[in-house]
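Worksheet: the structure to be examined is printed underneath.
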Amino acid sequence: MKFRRVSLKFDTQEVLAGFNLEIKDGEFFTLLGPSGCGKTTVLRLIAGFEQADEGEILLDGKNIADLPAEKRPINTVFQSYALFPHLTVAENVAFGLKMSGTEKSDIRQRVHEALDMVQLAEFANRKPSQLSGGQKQRVAIARAVVNRPRLLLLDESLSALDYKLRQQMQIELKRIQRKLGITFVYVTHDQEEALSMSDRILVMNHGQAQQVGAPRDIYESPVNEFVARFIGEINVFDAIVEQPLSEVRSDTRNNQSLRYQVRFALNDCLREITSDITLNVGDKIKVLLRPEDLRVEYLEDAPERPGFVGEVLERNYKGKTLDSLIQLANGQTILTSEFFNEDDPDFDYQINQKVWIDWVHGWEHVIKASDMQADGTDADLINSPEVAG
Ligand SMILES: Nc1ncnc2c1ncn2[C@@H]1O[C@H](COP(=O)(O)OP(=O)(O)OP(=O)(O)O)[C@@H](O)[C@H]1O
């Protein structure tokens with residue numbers, strides 16, 4: 001399904017302007033962004049609950065923008081489940097099929113299959129009030145897939161569940177989606193949820209597409225500061241390109257990147273970096289490093305080494321990792337996250353301890369400083385072929 005230059009205003013507020021989108025058949029696609037960025041509006045436009053002022057919404061190449069919601073082969077699972085309390089689980093799931101005049105025997109068969117799929121066959125005769133939150137959610141999903149829609153829309157569908165159940169349902173949803181082969185369009189502001197379930201994610205801000213890609217691309221190669229900061233923790237360092245270095249580095253995915261010598265604003269120190277994008281001498285860049293990309297060592301071990309010197313402000317033992325908040329010489333604070341390693345004598349530093357910070361070279365991600373507008377908007381991206389599809 002595709003959006004072509006879709007615009008929508010609520011009174012004077014422009015929520016979407018020339019918005020493009022492509023969702024591939026059979027994929028688990030997630031719309032991710034902060035509250036108010038327009039995710040639900042996009043979902044409601046797909047469902048037909050909202051009408052676009054301009055543009056086309058295409059399904060199988062046909063413009064469905066004027067087709068009423070009930071005529072679209074699209075179902076929605078709401079956060080509130082919206083089950084009928086007086087009907088049993090099976091009757092809830094059968095409801096839509098009954099209304100459309102499906103044969104009784106066919107209904108029985110399909111309701112059974114749908115409940116089997118969400119592993120609720122034995123609960124068929126219960127009422128919604130006799131179910132847990134996760135079970136109600138699964139009934140809502142069974143009801144939404146029983147008439148085999150082309151697209152299933154899920155609006156923050158797991159947010160009412162507690163953390164543990166939510167994690168189980170993430171796996172469950174992905175399993176159901178794979179089994180059915182139906183295109184799922186999921187809306188969330190939870191980046192962890194988006195990363196763990198999606199085939200592709202669209203990151204939005206202020207009604208604009210920021211980046212679309214596989215979870216790994218979005219996490220490891222964010223196109224701007226907004227995406228980098230929205231998807232997990234990130235440390236940002238200013239630098240200027242001094243000179244290109246001839247050698248090329250290949251990463252584990254065989255992507256080739258270029259090497260440069262750059263001058264970091266911090267300590268005015270010269271370091272080598274790799275970059276996926278071509279840089280010119282004098283370019284202002286931002287070197288992005290995730291907490292897990294950084295390495296911390298006792299300062300006494302390396303007094304002469306180039307790099308960033310800091311002082312440990314906080315350390316949090318997290319079981320698998322030791323996370324530290326470190327203040328650098330220029331006042332900037334950074335977050336590091338290191339896997340527990342009993343054999344490393346430098347591992348367990350103390351508060352106020354002076355430390356030296358390096359990173360796993362090749363893991364840095366570089367963007368030009370001009371790609372980093374504070375509000376995350378980047379006009380060039382909105383209509384880029386990648387986003388437009
Ligand atoms: N019916 C409406 N009338 C007026 N303004 C609306 C309406 N629906 C949404 N908006 C506005 O449009 C913008 C986008 O809203 P939308 O619900 O799509 O955001 P969202 O990203 O889904 O947010 P959330 O995560 O909080 O649900 C917001 O500024 C919102 O206030």
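Counting starts at 1 for both ligands and their atoms, in listed order.
Proximity to T41 (heavy-atom distance under 4.0 Å) selects the following atoms of ligand 1: 14 (C), 15 (O), 16 (P), 18 (O). Those atoms of ligand 1 with a heavy atom of P34 less than 4.0 angstrom away are 21 (O).
The side chain to side chain donor-acceptor pair (under 3.5 Å) test with Q261 is passed by exactly one of Q243, E272, R271: Q243.
In V15, the part holding a heavy atom less than 4.0 Å from any atom of ligand 1 is the side chain. Only the side chain of E156 comes within contact range of ligand 1, with a heavy atom under 4.0 Å; no backbone atom does. Only the side chain of Q13 comes within 4.0 Å of ligand 1, counting heavy atoms alone; its backbone N, CA, C and O stay farther away.
Looking from atom 14 (C) of ligand 1 to the surrounding protein, the closest heavy atom is G36 O, 3.4 Å. Nearest non-hydrogen protein atom to atom 9 (C) of ligand 1 is F10 CE1, 3.4 Å. The single protein non-hydrogen atom nearest to atom 26 (O) of ligand 1 is S35 OG, 2.5 Å, given as residue, atom name and distance. Distance from atom 25 (O) of ligand 1 to its nearest protein heavy atom, with residue and atom name: K39 NZ, 2.8 Å.
Checked against a 6.0 Å centroid threshold, the rings of W363 and H361 do not count as neighbours.
One finds no salt bridge joining E338 and R315 here, because no Lys/Arg side-chain nitrogen approaches an Asp/Glu carboxylate oxygen to under 4.0 Å. Comment: D53 does not engage K9 in a salt bridge, judged by the lack of any side-chain N to carboxylate O separation of less than 4.0 angstrom. Electrostatic pairing of E27 and R200 counts as a salt bridge here, judged by a charged N lying under 4.0 Å from a carboxylate O.
Checking atom 30 (C) of ligand 1 against the protein gives no heavy-atom contact under 4.0 Å.
The side chain to side chain donor-acceptor pair (under 3.5 Å) test applied to D190 returns R166, not counting sequence neighbours.
Proximity of a side-chain donor or acceptor of S198 to a complementary backbone N or O of L195 within less than 3.5 Å is not detected.
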Considering only distance and modelled atom types, tabulate donor-acceptor pairs under 3.5 Å from the side chains of residues 54-71, sequence neighbours left out.
{"unit_1": "E56", "atom_1": "OE1", "unit_2": "R4", "atom_2": "NH1", "d": "3.1"}
{"unit_1": "D60", "atom_1": "OD1", "unit_2": "R150", "atom_2": "NH1", "d": "2.9"}
{"unit_1": "D60", "atom_1": "OD1", "unit_2": "R150", "atom_2": "NH2", "d": "3.3"}
{"unit_1": "D60", "atom_1": "OD2", "unit_2": "R150", "atom_2": "NH1", "d": "2.4"}
{"unit_1": "N63", "atom_1": "OD1", "unit_2": "I57", "atom_2": "N", "d": "3.2"}
{"unit_1": "N63", "atom_1": "OD1", "unit_2": "A65", "atom_2": "N", "d": "3.1"}

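Using a 4.0 Å cutoff on heavy atoms, G207 does not count as a contact of ligand 1. Look at C37 and you'll find a heavy atom under 4.0 Å from some atom of ligand 1.
Within 6.0 Å of OH in Y163 there are 12 or fewer heavy atoms belonging to other residues, nucleotides or ligands.
Relative to atom 22 (O) of ligand 1, the option among D11, T40, L8 with the closest non-hydrogen atom is T40.
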